[in-house]
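First comes the structure, then the notes that go with it.
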Amino acid sequence: MAEQNKPLAGAGHYRIETGTPVSLMAAVGTLIVVALLAALPLFAGRDLLENMIFVLYMLALAQCWNLLAGYTGLVSVGQQAFVGLGGYILFALTLIAGIDPLVAIILAGAISALFALPTALIVFRLRGAYFAIGTWVVAEVYRLSFAQFRQLGGGTGTSLGPDITNAVFAIDRVKSLLDVRTPAARDIISYWAALALAVGTTLLVYLILRSRRGLALGAIRDSEEAAASVGIDNARVKLAVYVIAAAVTGMIGALIYLQKARISPDAAFSVLDWTAYVIFIVVIGGIGTIEGPILGTLIFYLMQNYLASYGAVYLILLGVLAILVMLFAPKGLWGYLSQSYGLELLPIRRRLVWKKDQ
Amino acid sequence: MKKYTRGINRRALLQYSAASGAALAAGVESPAIAQQKPIKLGYVSPQTGPLAAFAEADNFIVGNFKNATKGGIKVGNAMVPVEVLVRDSQSNPNRAAAVAKDLIVQDKIDLMLVASTPETTNPVSTQCEIEEVPCISSVAPWQSWFIGRQANPTGGPSAWKPFNYTYLFFWGLEDVIAVYTTMWGGVSTNKSVGGLFPNDGDGNAWGDKVVGFPPVLGKLGYKLTDPGRYQDLTDDFSAQLAAFKSAKCEIITGVMIPPDFTTFWKQALQQNFKPKVASIGKAILFPSSVEALGHDGNNLSSEIWWTPNHPFKSSLNGMTAKALAGAYESASNKQWTQPIGFVHALFEIAVDVLKRTPQRGDADAIVEAIRGTNLDTVVGHIQWNGANLPPFAAKNVAKTPLVGGQWRLRGGNKYDLVITENRTFPAIPVGGEMEPII
């Protein structure tokens, strides 16, 4: 469509649209997929649910990192700080305070947000590469601090017993309703929690980006000075994004360690497991898009499932793939697809469209 | 199969497995395998990553086990096929938990076996406990495994609870303390000891003021200088060295990861600090770690859990400890290491337990069989009877003998591990006298 010719063709006006012809269909499709996923435990076995829990929490982590790096330009390599923090809060609340694990997950989000505020004060004094290094250093400080906390096992770590993992809200109801064993019922509840977190995170990112704030994020990412010059309060917007990402990451961390039932500082604050893999997912899938992390998570899951047993070779392969994608499809696989075919399933970009007056 | 024979001499493998196969087939009238679902064994160990030395012999052991049980094992009157699913924890606790859950949920294993260091045994055992899958662990001191998995690790015995599905055979801290202090008695020193305890699973246990070294050393008249917990992978030990020098320590002890001990020892020699005795846990278990010190590793001492000279035989194929180590050496062209015996014993116990469990798919029946184990293995007698254990750990832990010894420079850069202390278990013969380092 030669849109630049349209103004000459008659009376009309420009308007800003985010929707595309396929986006309505995609929205309906997304709703159906989410509904199906929610009903999955009714007909799927534990093996599928277990894989889905992994996919969903990695997706949620990837959306959070994408919100930081892809939309706001805050390239953090220290998100493991909040995964570990969430995990440790879960252990503290369930083991020491005796709180229901599901409630503890929600509280872990709130407490992570509180921790994120002073953390932000430190790391926001740095920019670009220094910000990245700073976030990593902060994560190491978190790791070393939790290693001193003897009640939670210090450097040794500690485990959740069946008395705690089986005390999850509504586990008996799920057991009798779906007629499954206790460990299976626990997985079903964790699955729903993971689904809620993944869908919730994706929706949250989508809504933020569709709002006026979303425009501000892109502006900050592209040029902080220019953004400030058009009246955006950079510091406030960045802080809000950082705290939101920390809260969600903390909740995901709590869920991850409820699943693992064992925590130790080196595992909980692992830069490889909770940041490097997440960056891989976003870079491969397509940074700065909602669809990218979804595609990236699926690719990562398949690689992990079929290749992880090769150990070091698998890690080398991940690295090579990431480099190839960065070289030949810098916007990731989704970026490449959407550019080639004009696809946007969950559109967040604003486009100028000519509308003829009726 | 192919994957597990990598780098192993084919002839030695065949000899070894012929022995195993013959032993297993003996007494079987009709080796016909009915159309049965195989029993599935999961095995997790750190095959890659910083702790990979512990799993060096895994391919050899597992390959042989698979070969030996090709015809299945005799359960009741039937021959039942066995399948072993091997997973790598990559020395990463997150990965260990993930592969354990995979084995349980995706592969639906009947029995989990897990070996080597709390970083792998603890996450795997934790998953098994909450998934109600029977699990046998080894190669992790029982305190790190038992107390390290308690909800309230600082709460003391009254707060610690036994486990229902997870069991361990290995030795404990009290054994290391006994071995080290008797070894030190063989050398005349000023009884001033410097302690190097990191802030990790083992270091916290060894340095603990209640269950660790400090109370025992005090009782025996040793003066301990403990400069506090350090983080693993430290590259500067000058604070510790200064403390040891000013206390005139002639004995050094601790439980360190191999790179940290190498760093410490090099810095100590640079600063002209030469203790008469250095008894270090974990760091110098493997010949490769001592070889990394060049000629400076002579007479370093360590705990010894298994050697070819241990007077034990495999229940699986009747091989002696010496024959087992020899088969590994000729198959791999590498020096034997201590985990060989224990990984082999894990599979010995698994076969013994499964033979005594005719009920298929019944986790509680397998647990009952584990608790009823009474077996002489290549690492000694295994029975979960609470012998030499405090009451709280009696249910889940079975102890194996521990002795002590020194690395002796053989010429070139090669070292031999010589047993110098056996008062803790006199049936294991000594190979030499305890010598001071200089």
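Chain identifiers are assigned alphabetically (A, B, ...) following the order of the sequence lines, protein sequences preceding nucleic acid strands; residue numbering begins at 1 within each chain. In this text the structure is predicted, and so the values were computed from the model without any measurement.
Inspection of the B:N152 and A:Q151 side chains reveals no N or O donor paired with an N or O acceptor under 3.5 Å.
In this structure, chain A has heavy atoms under 4.5 Å from both the backbone and the side chain of B:P123. Of the two parts of B:N164, neither the backbone nor the side chain holds a non-hydrogen atom closer than 4.5 Å to a non-hydrogen atom of chain A. The part of A:L95 that comes within reach of chain B is its side chain, from C-beta onward, which places non-hydrogen atoms under 4.5 angstrom from that chain. Both the backbone and the side chain of B:E129 come within contact range of chain A, each with at least one heavy atom under 4.5 Å from a heavy atom of that chain. Interface remark: B:Q106 contributes backbone and side-chain atoms alike to the contact with chain A (heavy atom separation under 4.5 Å). For B:N92, the part lying near chain A is the side chain, with the backbone staying farther off; criterion is any non-hydrogen pair under 4.5 Å. Both the backbone and the side chain of A:A308 come within contact range of chain B, each with at least one heavy atom under 4.5 Å from a heavy atom of that chain. Heavy-atom distances place both the backbone and the side chain of B:A98 under 4.5 Å from chain A. For chain B, the nearby part of A:Y257 is the side chain; its heavy atoms alone come within less than 4.5 Å.
Within a 6.0 Å sphere centred on CH2 of B:W171, heavy atoms belonging to other residues, nucleotides or ligands number more than 12. Summarising the local packing, CZ of A:F43 is surrounded by more than 12 heavy atoms from other residues, nucleotides or ligands at distances under 6.0 Å.
Annotation: maximal heavy-atom pairing with chain A below 4.5 Å, among B:S125, B:P93, B:A151, B:A100, occurs at B:A151. Ranked by heavy-atom pairs under 4.5 Å with chain A, the list B:N204, B:D200, B:N122 is led by B:N122. With chain A as partner, the option from B:R229, B:R95, B:K108 having the largest number of non-hydrogen pairs under 4.5 angstrom is B:R95. For chain A, the option among B:T126, B:D232, B:D202 with the highest count of heavy-atom pairs below 4.5 Å is B:T126. For the set B:A97, B:G49, B:G148, the entry with the most heavy-atom pairs within less than 4.5 Å of chain A is B:G148. Note on A:G153, A:P162, A:S270: by heavy-atom pairs under 4.5 Å with chain B, the leading option is A:P162.
Across every non-hydrogen atom of A:P183 and B:I130, the tightest pair is CG-O, 3.8 Å. Nearest heavy atoms, A:R150 versus B:T154: O-CG2, 3.5 Å. Of all heavy-atom pairs spanning B:N94 and A:K260, the tightest one is O-NZ, 3.3 Å.
In this structure, A:R46 pairs ionically with B:E131, as a charged nitrogen and a carboxylate oxygen lie closer than 4.0 Å. Of the charged side-chain nitrogens involved, at least one lies within less than 4.0 Å of a carboxylate oxygen, so that A:D163 and B:K161 count as a salt-bridged pair.
Under the 4.5 Å side-chain criterion, counting only non-hydrogen atoms from C-beta, B:Q150 is not in contact with A:T158. Two residues are said to be in side-chain contact when any heavy atoms from C-beta on lie closer than 4.5 Å; A:Y310 and B:D88 fail this criterion.
Listed for the B:Q231 side chain is no donor-acceptor partner under 3.5 Å among the backbone atoms of A:A147.
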CA sep, side-chain torsions, deciding dist, call: B:K101, A:D187, side chain to side chain contact (heavy atoms under 4.5 Å, CB included): CA-CA 11 Å; B:K101 183 132 198 197; A:D187 267 6; 2.6 Å; yes
B:E119/A:D266 under side chain to side chain contact (heavy atoms under 4.5 Å, CB included): CA gap, chis, key distance, verdict: CA-CA 10 Å; B:E119 282 71 27; A:D266 291 351; over 6 Å; no
